[in-house]
Structure formats: C-alpha cells, structure tokens
Amino acid sequence: MRAKFITSILAAAALLLGSCSTPKDIAYFPELNTGSTFQARQILEIKVKPEDKLSIMVNTQDPALSALFNLTQVQNRLTSTNTAGGGAGSGSGQTSLYTIDSMGDINFPVIGKLHIAGMTREQIADYITEQLVSRDLVKDPIVTVEFANTGISIIGEVSSPGRYEFNRDHMTIIDAIAMAGDLTINGMRENILVLRNLGGGKQEAYRVNLLNAQELASSPVYYLQQDDVIYVEPNNKAKRETTPNGNTPFTPTFWMSMASFAITIVTLVITLTN
C-alpha cells in the first residue's frame, strides 16, 4: 500500500511538471541556425487585372507634348520607370488613374485601347514606350507606371487586423504579418490560410506554415498579390476559451487541486485499511 501511495505522489508531480512545460509551436523557423539559407520557389511579380487602378505618366523634353498623354493629378504610389532614348523627362510625376476594364484594357490618350491585363508595371512601361516610339509620336519618352489600389486584408489572431496598402512589388507574407503587428500568442502559426482572388468571384485557398522556412518559401503565396486575404486561425487554447471552463483542465491550479484530491483519497484508503 505504501508503494501505491508513493506512486500516486510521483504521478501527481509529473502532471504538475507537464502543465508547466515550455509551449511548442510559438517560435518562427525553429530549424534555422546561423548561416542557414532557404530559397523561394519563384519571385512573383504583381500583375495587373481588371478593376485595378493605375497611374501612367509620360514625360518628354517638351512639356506640351507630354501633356497630350497625361491626365490630371492624383497621389503617387508604386513607381516603375522605363526610358527610351537619352532625353530627360519633365513634369510633376502626378497623373490621374486608369481603371482596367473587364476585358483587361485601358483607353490611352492618342494611342487608343491597350490590352495590359496580366502585365507587370515594367512590362506596361515597356509596352507604352514601344507604342509611342513605333508610331513616331514621341522619340524619347519616360513612362512611369504606378499601382493605386495594391492592398491586402489581414484578419484573425494578429495584433492589428485590417486592410493594408503596400508600396512595392515583392511583398512577402512575413512582411504583411509584420505590418499587422505580428501574430498574437493565440495565433496558429503552422496553419495560416491565404485566399487569392482569381477574378470573376473565384478565390483559391492556400495553407502556409510559419514554423518551416523552406516550406513557406516554396508556397505560391510566399509573395503576395493584390487583394490577397490572410487569415490567422486561433489555436486550441483560444478556441477553448469560448466555452465555460474550457481551459480549466490545462491550468496548474487544476492539476494541483486534482493532485491534492488524489493524495487525500489515497491517505484515506490507507487509514481505513490499517
């Protein structure tokens, strides 16, 4: 009987130690050490699509000529500049917005309709430059293309959920999470959901794991696109908190009470059997 009593004491102690153990699945990229490297599967450029808004500015040595191809001013965003010839550009660098229509086109001054859906900012700048030069409209244009509505939404277990605009092409999911103030302690780091807008009301879902650097870098959503949605799910602890006493069995106080109760029962049994 004494052996059973000692065994019960040891079991209670083990439960208490287990309840105080260091949580897992908290630190990002635990496999990385000094000098470790990992490679993204591909560097994904942002490509324009219907309903995107663009600012396109053409500068030449002649301000009057430049004015033929530019609309009125609006706030600048991302900038990609392509130069044909050696002329210097002029102008304020502020143009109005073009909205890409459902066919992926814009109606550009003098030139007319241009199909630009699926192009990057550099490709659009190259395309417009080529059109201006090949039609003998401008000899030395400087074409600047800017995105005006490049944003993502971050919701769930992050410090500051919301919609965030970003001002560069190669925005990673790590950059986005940093903008939202990082995950809360209750965020599920190994199973983050990313929804990618494919157009026409269709979205594609991806799952990413912040606990594995190479797995994350190999994901198609490591580099984000406009209108991506990042959802950080709550972990099991946070889910249990939605019910009364949901986390009670996982607290040291609970196990101390259980251990005390078990010791009382064992002591009572020993007393009664002697």
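Predicted model, so just to flag it, every value in this text is computed and none were measured.
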>> Walk me through whether T120 and D169 qualify under side chain to side chain contact (heavy atoms under 4.5 Å, CB included).
In response: CA-CA 9 Å; T120 67; D169 285 297; over 6 Å; no
> Could you go step by step and tell me if Y98 and L114 meet the side chain to side chain contact (heavy atoms under 4.5 Å, CB included) rule?
Replying inline: CA-CA 11 Å; Y98 296 86; L114 296 176; over 6 Å; no
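- Counting heavy atoms from C-beta on, the side chains of P141 and V133 come closer than 4.5 Å.
- A 4.5 Å side-chain heavy-atom check between N212 and L216 finds every atom pair outside the cut-off.
- Side-chain atoms of F147 and V48, non-hydrogen and from C-beta on, do get closer than 4.5 Å to each other.
- Taking OG1 of T172 as the reference point, atom CD1 of I43 lies at 12.0 Å (rounded to 0.5 Å).
- Placement of I154 and Y28 within a single hydrophobic cluster is found when ILVMFWY residues are connected by side-chain heavy-atom separations under 4.5 Å, directly or transitively.
- Residues D182 and I177 have side chains in contact (heavy-atom distance under 4.5 Å, counting atoms from C-beta outward).
- Using a 4.5 Å cut-off between side-chain heavy atoms of Ile, Leu, Val, Met, Phe, Trp and Tyr, with links allowed through other members, L198 and L44 fall into different hydrophobic clusters.
- Applying the salt bridge (charged side-chain N to carboxylate O under 4.0 Å, His left out) rule to K47 yields no partners; only residues at least two apart in sequence or on another chain are considered.
- For Y231 and E233, the side-chain atoms include no donor-acceptor pair closer than 3.5 Å.
- Within a 6.0 Å sphere centred on CD of E45, heavy atoms belonging to other residues, nucleotides or ligands number more than 12.
- Note that the CG atom of L193 and the CD1 atom of I155 stand 8.0 Å from one another [nearest 0.5 Å].
- Taking all atoms of both residues into account, the shortest heavy-atom contact from I152 to Q225 is CG2-O, 3.6 Å.
- Rounding to the nearest 0.5 Å places CD1 of I46 at 8.0 Å from NE2 of H170.
- R207 contributes atom CZ, which lies 13.0 Å from atom CD of E215 (distance to the nearest 0.5 angstrom).
- Two residues are said to be in side-chain contact when any heavy atoms from C-beta on lie closer than 4.5 Å; M57 and N70 meet this criterion.
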